[in-house]
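Worksheet for the structure shown next.
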Amino acid sequence: MSLTRVLQLLQLLADQPLGMALAPLCVSMNAPKTSVLSLLRGLTAHGYLQRSDAVYRLGPESFSLGASLVSASSLDVVAMPFLREAVARSGETASIAKINRAAGQLIYSPIIESTRTIRYAVPAGTTRPLFASSAGRVLLAFQDEAWRGEYLQSTDLRAMTPRSVTDRKQLTRIIEQVRQTGVAVTIGEVTPDVAGFSAPIFEPGGRVNAALIIAAPIERGRAAAADLQRLVMELAANISRALGYRAGPEPREMAASQARQMTQTHRSRQHAATKNCTTT
């Protein structure tokens, strides 16, 4: 099949985040089953698609391909299919939050709202202080340590709700935990009746300027907290990969691994020395 057919197929699946089966794809593409099936198999084998039962969805390599066709600054273009997927799978509102370091704030854009009658809604372009929201804490966690420390010491930690954390030492501990786990959760800390779940979006060099958010009415958020944390981490990682980021071990993980290896080697040598002394 031609490149036109490939792009047509990828566009169809981009518009259907939950995926499509072979038969409706053939109808939509106006192409014979054998030709479409051959194309699906080839793209799946190379990671451009992924198959679950009889349903095909976009795979991570398709977004890397898409990212290479747009400018590096086009995060919104790359992220949009993942936002649609987040809404489809969670039933909740999804958004990208971008950091404004000069203002010490984040800005929400783009946003795809849930289709439920009761849902979290916020206009694109809305700003929030970094310290209070789940996305802001993710963004803080992955900034330069000196900049983060200065921000936490100098910013006005004014409570937005009765649940807002305004103690600087407590915030420092929370942000360090976010850096360790890669996910942040706030329950009624920015808006009293909203729960937020966020994870970092990494650029190719490892820099974090944006985060993915799934936001839900507080009771639904509490009930589905574990699932929403897993989902936001999965999709944020997929956006990062689509942007060209390839994860490596964190420096502290490498240091810990090296320390374990050195300890094991030391113990082995001690054991060998003790055995030699016993047998000689």
Side-chain angles (χ1 to χ4, degrees), residues 2-20 25 28-29 39 43-44 46-50 56-90 92-101 105-115 120-128 133-136 138-139 142 182 196-215 231-247:
S2 66
L3 177 60
T4 301
R5 284 296 199 188
V6 172
L7 295 176
Q8 181 188 13
L9 174 60
L10 294 177
Q11 183 60 57
L12 283 170
L13 293 178
D15 292 336
Q16 297 291 330
L18 295 182
M20 296 178 68
L25 279 170
S28 298
M29 297 178 67
L39 180 60
L43 291 173
T44 301
H46 288 88
Y48 294 105
L49 302 180
Q50 50 191 355
Y56 292 88
R57 293 168 49 204
L58 293 181
E61 293 302 326
S62 67
F63 298 106
S64 297
L65 174 64
S68 69
L69 300 177
V70 298
S71 69
S73 62
S74 298
L75 169 62
D76 294 1
V77 175
V78 175
M80 192 59 69
F82 297 101
L83 289 177
R84 289 197 290 265
E85 182 178 354
V87 174
R89 291 173 62 183
S90 70
E92 306 297 351
T93 296
S95 177
I96 300 296
K98 300 164 187 171
I99 191 169
N100 180 340
R101 293 181 184 83
Q105 294 179 331
L106 60 79
I107 182 169
Y108 295 123
S109 182
I111 298 167
I112 299 182
E113 288 189 13
S114 166
T115 58
Y120 174 65
V122 61
T126 298
T127 61
R128 293 282 188 266
S133 69
S134 61
V138 163
L139 292 168
F142 292 91
F197 305 84
S198 300
I201 296 171
F202 291 92
E203 296 176 359
R207 191 173 175 83
V208 173
N209 289 312
L212 174 66
I213 315 159
I214 298 176
L231 180 60
V232 78
M233 292 175 72
E234 173 193 335
L235 296 181
N238 286 346
I239 296 174
S240 300
R241 179 176 174 83
L243 290 170
Y245 174 71
R246 296 297 181 266

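- Summarising the geometry of Phe82 relative to Asn238, their closest heavy-atom pair is CE2-CB, 3.3 Å, with the distance given to 0.1 Å.
- Counting heavy atoms from C-beta outward, Val208 and Glu203 have side chains that stay 4.5 Å or more apart.
- Note that CD1 of Ile111 is 8.0 Å distant from CD1 of Ile213, once rounded to the nearest 0.5 Å.
- Shortest non-hydrogen contact noted between Ala199 and Ala236 is CB-CB, 3.7 Å.
- The two residues Ala88 and Pro17 come nearest to each other via the heavy atoms CB-CG, 4.1 Å.
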I'd like to know whether Arg84 forms a side-chain contact (heavy atoms from CB on, under 4.5 Å) with Asp15, so could you lay out the CA-CA distance, the side-chain angles of the two residues, the decisive distance to 0.1 Å, and finally the verdict. CA-CA 8 Å; Arg84 289 197 290 265; Asp15 292 336; 4.2 Å; yes

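- Across all non-hydrogen atoms, the minimal contact from Ser90 to Leu231 is CB-CD2, 3.7 Å.
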The test is side-chain contact (heavy atoms from CB on, under 4.5 Å); show your working for Tyr108 and Ile96 and say whether it passes. CA-CA 6 Å; Tyr108 295 123; Ile96 300 296; over 6 Å; no

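- Using a 4.5 Å heavy-atom cutoff, the side chains of Leu13 and Met20 are in contact.
- Using bins of under 30°, 30° to 60° and over 60° for the plane-to-plane angle, the ring pair Phe142/Phe202 lands in the perpendicular bin.
- Side chain of Arg246 to main chain of Arg241: a donor-acceptor pair is present (N/O by atom type, distance under 3.5 Å, no hydrogens or angles).
- Nearest heavy atom pair, residue Leu139 against residue Ala211, reads CD2-N, 4.0 Å.
- Ion pairing of Glu85 with Arg89 is present here, as a side-chain N (NZ or NE/NH1/NH2) and a carboxylate O approach within less than 4.0 Å.
- Note: Asn209 CG to Leu75 CG = 9.0 Å, rounded to the nearest 0.5 Å.
- Put simply, the side chain of Leu18 does not reach to within 4.5 Å of the side chain of Arg57, judged on heavy atoms.
- Side-chain contact between Thr126 and Ile107 is absent, with no heavy-atom pair separated by less than 4.5 Å.
- Put simply, CG on Leu25 and CD on Gln16 are 9.0 Å apart, with the number rounded to the nearest 0.5 Å.
- Atom CD of Gln105 sits about 10.0 Å away from atom CZ of Arg128, to the nearest 0.5 Å.
- For the pair Ser134 and Gly196, the tightest heavy-atom approach, listed with the atom from each and the gap, is OG-C, 3.5 Å.
- The closest donor-acceptor contact from the side chain of Ser114 to the backbone of Thr93 lies at 3.5 Å or more, if one exists at all.
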Determine whether Gln50 and Leu58 satisfy the following criterion, side-chain contact (heavy atoms from CB on, under 4.5 Å), listing intermediate values before the conclusion. CA-CA 6 Å; Gln50 50 191 355; Leu58 293 181; over 6 Å; no

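- When side chains are defined from C-beta on, Ser198 does not count as touching Leu212, because their heavy atoms never get closer than 4.5 Å.
- Just one residue in the list Leu83, Val77, Val78 forms a side-chain contact (heavy atoms from CB on, under 4.5 Å) with Met80, and that residue is Leu83.
- Summarising the geometry, atom OG belonging to Ser95 is positioned 11.0 Å from atom CD1 belonging to Ile214; distances are rounded to the nearest 0.5 Å.
- Between Lys98 and Leu106 there is no side-chain heavy-atom pair separated by less than 4.5 Å.
- Between Ile239 atom CD1 and Ile201 atom CD1 the span is 4.0 Å, to the nearest 0.5 Å.
- Residues Val122 and Glu113 fail the side-chain proximity criterion, which asks for heavy atoms closer than 4.5 Å.
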